[in-house]
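Here, residue 1 is the first one in the sequence, and each next residue gets the next number. All heavy atoms count here, side chains included; hydrogens, waters and symmetry mates do not. What you see is a predicted model, and the numbers here were worked out from it, not measured in a lab. Order of listing sets the numbers, starting from 1, for every ligand and every atom in it.
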Amino acid sequence: MSIVEINDLTFRYKNNFVFDNFNLKIDRGSWVTIAGPNGSGKTTLVKLLAGLEKSYSCIKILDYVLDKKNLFDIRKDTGFAFDTPDNFFACETVEDELAFSLENMAVMPKTIRKKINEISKLLKLEDILKQNPYELSGGQKQKVSLACALMLEPRILVLDEALLMIDINEREEIFKILKDYNVRKKVTIISFTHDLDEAKYSDRLIILNDGKIVVDGSFPSVFEEELVMRKIGLEVPFSVELSKKLKLYNLVSDIKLDLEGLVNELWK
Ligand code: ADP
């Protein structure tokens, strides 16, 4: 069953058509990675899903048509984490920033405090709660943006290149936390990126080029479309390339998205 539906969406900036009769359905509880080279339409699609650009009733989220009237109902269950969150910060401390969206929904202060403790512990933000979000490093800002989204206990989480500046080890840890949200709490995750490596956490990969879906599939078969990915300038993960070659010699059974899995299978 779909939690997001886009039907015949056409969108343009002046004379530049980004989407022309674009269609997409995203299943409830899935984790979908949407990748594509620069200019393929990822940011525009995030803005459309966030209601920051007009979609003229072509988008349905959580059974609501995305329009002015339903925006509040959609936003209280949909968390967005952005690549450059500065534009969205509104408070002078990280703590206030975390509280902000829940205060707007008239949640009790005690509940907000409990949630701040839980999320700041989860994302290791305890030491920066009193700091000004604008004065943090890029990676810390991205963690705060993600924390704000998780404060809402969203049913849908949209990540817009949202973890790119976070140190690689910490990023892996956060992806694992998000996988837990996805599997255990059934949060639907839509992750926009240009890095195909990130796809290893998702169960479906969609590749956009020029506002069109050029690849759409689940793993590992979706990487049979490797040539299409290369043609539009996307770098195929090393583990995929290597495991495809090893598969030809029957050394591994399937395409692997992570090196660890590949090494484990080779050592079996
Ligand atoms: P991506 O996020 O994949 O890089 P975008 O959604 O930013 O892609 O861009 C899709 C197309 O829309 C590109 O051709 C880009 O030049 C154009 N575009 C994006 N934002 C604007 C804007 N504010 N005004 C005009 N054209 C834009």
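Residues meeting the side chain to side chain contact (heavy atoms under 4.5 Å, CB included) test with Glu153, sequence neighbours left out: Lys115. With sequence neighbours left out, the ring-ring contact (aromatic ring centres under 6.0 Å, His included) criterion links Phe19 to Phe22.
Within the structure, side-chain hydrogen bond (donor to acceptor under 3.5 Å, both in side chains) contacts touching residues 206-220 (residues at least two apart or in different chains) are Arg204-Asp216.
Ligand 1 lies under 4.0 Å from heavy atoms of Tyr13, Asn16, Val18, Pro37, Asn38, Gly39, Ser40, Gly41, Lys42, Thr43, Thr44.
Atom CG of Leu227 is surrounded by 12 or fewer heavy atoms from other residues, nucleotides or ligands within 6.0 Å. The environment of CD in Glu172 is crowded: more than 12 heavy-atom neighbours from other residues, nucleotides or ligands sit within 6.0 Å.
One side chain, Tyr13 or Thr44, offers a donor N or O that lies under 3.5 Å from an acceptor on the other.
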